[in-house]
Participant: 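Structure incoming, see below.
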Amino acid sequence: MSDGFDYDLVIIGAGVGGHGAALHAVSCGLKTAIIEAGDMGGTCVNRGCIPSKALLAASGRVRELRNAHHLKSLGIQVDHVAFDRQAIADHASSLVSKIQGDLTNSLKRLGVDIIRGWGKIAGTQKVTITSDSTEKTVRAKDIILSPGSVPFVPPGIEVDGKTVFTSDQGVKLESLPEWIAIIGSGYIGLEFSDVYSALGCEITMIEALDQLMPGFDRDIAKLAERVLITPRDIETKVGIYAKRIIPGSPVVIELADFKTKEDIDVIEVDACLVATGRIPATNNLGLDTLGIELDRRNYIPVDDHMAVFSSCGEIVPHVWAIGDATGKMMLAHTASAQGVVAVENIIGRPRTVDYRSIPAAAFTHPEVSYVGLTEVAAQELAQAEGFDVATTKSYFKGNSKALAEKEADGMAKVVYRQDTGEVLGVHIFGMHASDLIHEASAAIANRQAVQDLAHLVHAHPTLSEVLDEAYKRAVV
């Protein structure tokens, strides 16, 4: 090191984003340290993606094996299906331990210094790390902030971690309440409703906005509601919010109309999961020492290169931010992509993140996935830029592979420019939607047109032909 620096790069936060940034930094020859006060792997590994997928995998098997009608149609009969809640929970926790260990070992193996403690900016190119009894300062040519996010708990809701809890506690599956309320119908609420309903819980889903699954494309959301919610033991309350939630046995939930704020009802349930989104963990990072001011939603302001802005709107030299705390897309793979882009810009290779081509998924049974713009968002862009939007749909019920599996509930929807054919968004509901979406993601990343995509050759019989059909319908 030269100029008295301890490191080329110091990363604050060892979640998936920080981990991705560290690995790329080392591959680029940078001496790198990563600072973490909590669990290595952050939210994704410990309280999000990883344990929730383990729960969904196990509960999904239970749902499948208990679906006697579906199995009978395949010529299969299963007389009795039992499960062990603790064993399912242990499956999730053991997977967390394995992934956390793999992540930590990969950093050590490549020579990244792992520093345990609370990291914060202490001035220009300086970071302090505070642990239980010590504090030290290191100097770094560049600093990446990757502090992540925490569950958002609305006012009036009291969380005790046992009877009223967030996804942080929910992934531990410490109990299976007979009747559970889920506050919110976004991807977190949907995934947990999938787990709890498969394992025999009665559910009341409460959504403050005027429609379920508000962040999803409307055509996909309507079909998903018919498959994921209506036939299951799930009661829904839409346009209603939880004004107050009191933990205990029972949990007391006071409901009110979201628009008028008028009291509507009081319900008593055995437990309540608060799945109302996440907020950035941006407190106590020392941002003020460099004149960095959070935006109105408490996110760290960044440009397309992941460089941080000061309160004056100017770039703060040598400071970068990635992940949930930037407020772009709260997805683990987005954070990792941002980390790579930040490092690329640090070493003088200008690069930006193409958010439109980043896919997302809800791992329900069947799955929901999407990439790019919804039809509504595309229409807004079209109005601003002066072009017309078209859409096309294809259905799993016409797909040979889906029919062979007797999993024919599903649809793919393609949103594209009518003039150039450029794909603006793709939305899929159906079996293996989270895997199918990546073909569409690549198409959007390369700004491909439906006219070209319609001539791609897909293996037969595969689920990928659902997209093939949608592309071909667009050019008929």
Side-chain angles (χ1 to χ4, degrees), residues 50-95 170-180 182 189-205 220 222-236 270-271 361-369 394-412 428-436 458-466 469:
I50 300 304
S52 65
K53 298 309 146 313
L55 297 181
L56 284 157
S59 61
R61 297 291 196 284
V62 174
R63 185 188 300 282
E64 183 178 359
L65 291 169
R66 284 182 168 175
N67 190 341
H69 176 74
H70 179 244
L71 292 176
K72 186 177 180 181
S73 70
L74 292 167
I76 301 169
Q77 181 177 327
V78 177
D79 293 327
H80 179 68
V81 180
F83 66 87
D84 182 332
R85 177 201 58 80
Q86 187 58 55
I88 292 175
D90 291 345
H91 166 55
S93 62
S94 63
L95 180 62
V171 293
K172 297 176 183 177
L173 202 68
E174 292 181 344
S175 66
L176 286 173
E178 287 188 27
W179 184 8
I180 182 168
I182 297 179
L190 281 177
E191 289 187 349
F192 273 100
S193 74
D194 202 272
V195 171
Y196 283 122
S197 62
L199 299 181
C201 303
E202 181 182 350
I203 299 167
T204 295
M205 182 174 281
I220 295 292
K222 288 174 186 175
L223 178 57
E225 183 180 344
R226 290 203 300 269
V227 177
L228 299 177
I229 296 174
T230 303
R232 298 178 180 177
D233 200 0
I234 303 174
E235 173 192 22
T236 60
D270 298 306
F363 294 84
T364 47
H365 297 86
E367 296 174 340
V368 189
S369 66
S394 63
Y395 298 88
F396 280 62
K397 64 185 178 184
N399 179 271
S400 299
K401 183 66 158 53
L403 290 170
E405 299 275 356
K406 287 196 173 290
E407 295 279 359
D409 288 321
M411 175 176 76
I428 306 173
F429 172 68
M431 184 183 185
H432 294 297
S434 66
D435 300 309
L436 297 174
H458 296 72
H460 175 77
T462 63
L463 295 173
S464 70
E465 290 175 292
V466 172
E469 179 68 20

Participant: Could you pull out the closest heavy-atom pair between Ala58 and Ile88, with the gap in Å?
Facilitator: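 Smallest interatomic distance, heavy atoms only, reads CB-CG2, 3.8 Å.
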Participant: Output the distance between atom CD1 (Ile428) and atom OG (Ser369), rounded to the nearest 0.5 Å.
Facilitator: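 So the CD1 of Ile428 and the OG of Ser369 are separated by 4.0 Å.
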Participant: Could you give me the CA-CA distance, side-chain angles and deciding distance for Thr236 and Ile229, then say whether side chain to side chain contact (heavy atoms under 4.5 Å, CB included) is met?
Facilitator: CA-CA 8 Å; Thr236 60; Ile229 296 174; 3.5 Å; yes
Participant: Considering only heavy atoms from C-beta outward, does the side chain of Phe192 approach that of Ile180 to under 4.5 Å?
Facilitator: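 Of all side-chain heavy-atom pairs linking Ile180 with Phe192, none is under 4.5 Å.
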Participant: Using only atom types and a distance under 3.5 Å, with no angle test, would you say the side chain of Arg85 pairs donor to acceptor with the backbone of Leu176?
Facilitator: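 Flag not set: sc Arg85 to bb Leu176 has no pair under 3.5 Å.
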Participant: So how far is it from Glu407 CD to Leu74 CG, rounded to the nearest 0.5 Å?
Facilitator: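 Interatomic distance, Glu407 CD to Leu74 CG, rounded to 0.5 Å: 8.5 Å.
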Participant: Side chain to side chain contact (heavy atoms under 4.5 Å, CB included) between Lys72 and Ile76: does it pass, once the steps are laid out?
Facilitator: CA-CA 5 Å; Lys72 186 177 180 181; Ile76 301 169; over 6 Å; no
Participant: Which atom pair, heavy atoms only, marks the closest approach of Ser434 to Ala361?
Facilitator: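 Closest pair (atom of Ser434, atom of Ala361, distance): CB-CB, 3.7 Å.
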Participant: Does the Asp194 side chain pair with the main chain of His365, one donor and one acceptor, at a distance under 3.5 Å?
Facilitator: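 Indeed, once roles are kept as given, a pair shorter than 3.5 Å links the two residues.
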Participant: I'd like to know if the side chain of Arg232 pairs up with that of Ser193 as donor and acceptor (distance under 3.5 Å, no hydrogens or angles considered).
Facilitator: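 There is no such pair between these side chains.
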Participant: Within the distance-only criterion (no hydrogens, no angle test), does the side chain of Asp270 pair as donor or acceptor with the backbone N or O of Pro177 below 3.5 angstrom?
Facilitator: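 No, the answer is negative, given that no donor and acceptor are paired below the 3.5 Å cut-off.
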Participant: Measuring from atom CZ of Arg226 to atom CG of Asp409, what distance do you get when rounded to the nearest 0.5 angstrom?
Facilitator: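 It is 9.0 Å, given to the nearest 0.5 Å.
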Participant: Report the distance from atom CG of Leu436 to atom CE of Met431, rounding to the nearest 0.5 Å.
Facilitator: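 Rounded to the nearest 0.5 Å, the CG-CE separation comes out at 10.0 Å.
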Participant: First locate atom CD of Glu469, then atom OH of Tyr395, and finally report the distance between them rounded to the nearest 0.5 Å.
Facilitator: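 Between Glu469 CD and Tyr395 OH, I get 11.5 Å after rounding to 0.5 Å.
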Participant: Kindly indicate whether the side chain of Ser400, heavy atoms from C-beta on, has any atom under 4.5 Å from the side chain of His460.
Facilitator: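 The answer is yes; the side chains approach within 4.5 Å.
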Participant: Checking the side chain of Glu465 only, and the main-chain atoms of Thr462 only, is there a donor and an acceptor separated by less than 3.5 Å?
Facilitator: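 Present.
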Participant: Under 4.5 Å between any side-chain heavy atoms of Leu403 and Pro461, yes or no?
Facilitator: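 A side-chain contact is absent here, since even the closest heavy-atom pair is not under 4.5 Å.
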Participant: Side-chain contact test, heavy atoms from C-beta onward, threshold under 4.5 Å: evaluate it for Leu95 versus Pro51 and give yes or no.
Facilitator: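 Counting from C-beta outward, Leu95 and Pro51 never come under 4.5 Å.
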Participant: Using distance alone, with no hydrogens and no angle criterion, decide if Glu367 and His432 have a side-chain donor and acceptor under 3.5 Å apart.
Facilitator: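 Side-chain D/A pair, Glu367 to His432: absent.
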Participant: Using the rule given for salt bridge (charged side-chain N to carboxylate O under 4.0 Å, His left out), can you reason through Glu191 versus Lys53, listing the C-alpha separation, both sets of side-chain angles and the distance that settles it, and then say yes or no?
Facilitator: CA-CA 9 Å; Glu191 289 187 349; Lys53 298 309 146 313; 3.3 Å; yes
Participant: Taking side chain as C-beta onward, heavy atoms only, is Phe83 less than 4.5 Å from Arg66?
Facilitator: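 In short, these two side chains touch, coming nearer than 4.5 Å.
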Participant: Decide yes or no on side chain to side chain contact (heavy atoms under 4.5 Å, CB included) for Arg63 and Asn67, but give the supporting numbers first.
Facilitator: CA-CA 6 Å; Arg63 185 188 300 282; Asn67 190 341; 5.7 Å; no
Participant: Checking side chain to side chain contact (heavy atoms under 4.5 Å, CB included) for the pair Leu173/Leu199: CA distance, chi angles, key distance, verdict?
Facilitator: CA-CA 11 Å; Leu173 202 68; Leu199 299 181; 4.2 Å; yes
Participant: Can you confirm whether Glu202 sits close enough to Glu178 that some side-chain heavy atom of one is under 4.5 Å from a side-chain heavy atom of the other?
Facilitator: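 Counting from C-beta outward, Glu202 and Glu178 never come under 4.5 Å.
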Participant: Could you tell me which non-hydrogen atom of Ser464 sits nearest to which non-hydrogen atom of Ala459, and how far apart they are?
Facilitator: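 Looking at all heavy atoms of both residues, the closest pair is OG-O, 4.3 Å.
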Participant: Check whether any side-chain heavy atom of Leu55 lies under 4.5 Å from a side-chain heavy atom of Tyr196, and answer yes or no.
Facilitator: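 SC-SC contact between Leu55 and Tyr196 ruled out.
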Participant: How many angstroms lie between atom CD of Glu225 and atom CZ of Phe429, to the nearest 0.5 angstrom?
Facilitator: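 Atom-to-atom, Glu225:CD and Phe429:CZ are 11.0 Å apart.
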Participant: Please examine the side chains of Ser52 and Phe363, heavy atoms only from C-beta on, and report whether any two atoms are closer than 4.5 Å.
Facilitator: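 No, too far: nothing below the 4.5 Å cut-off.
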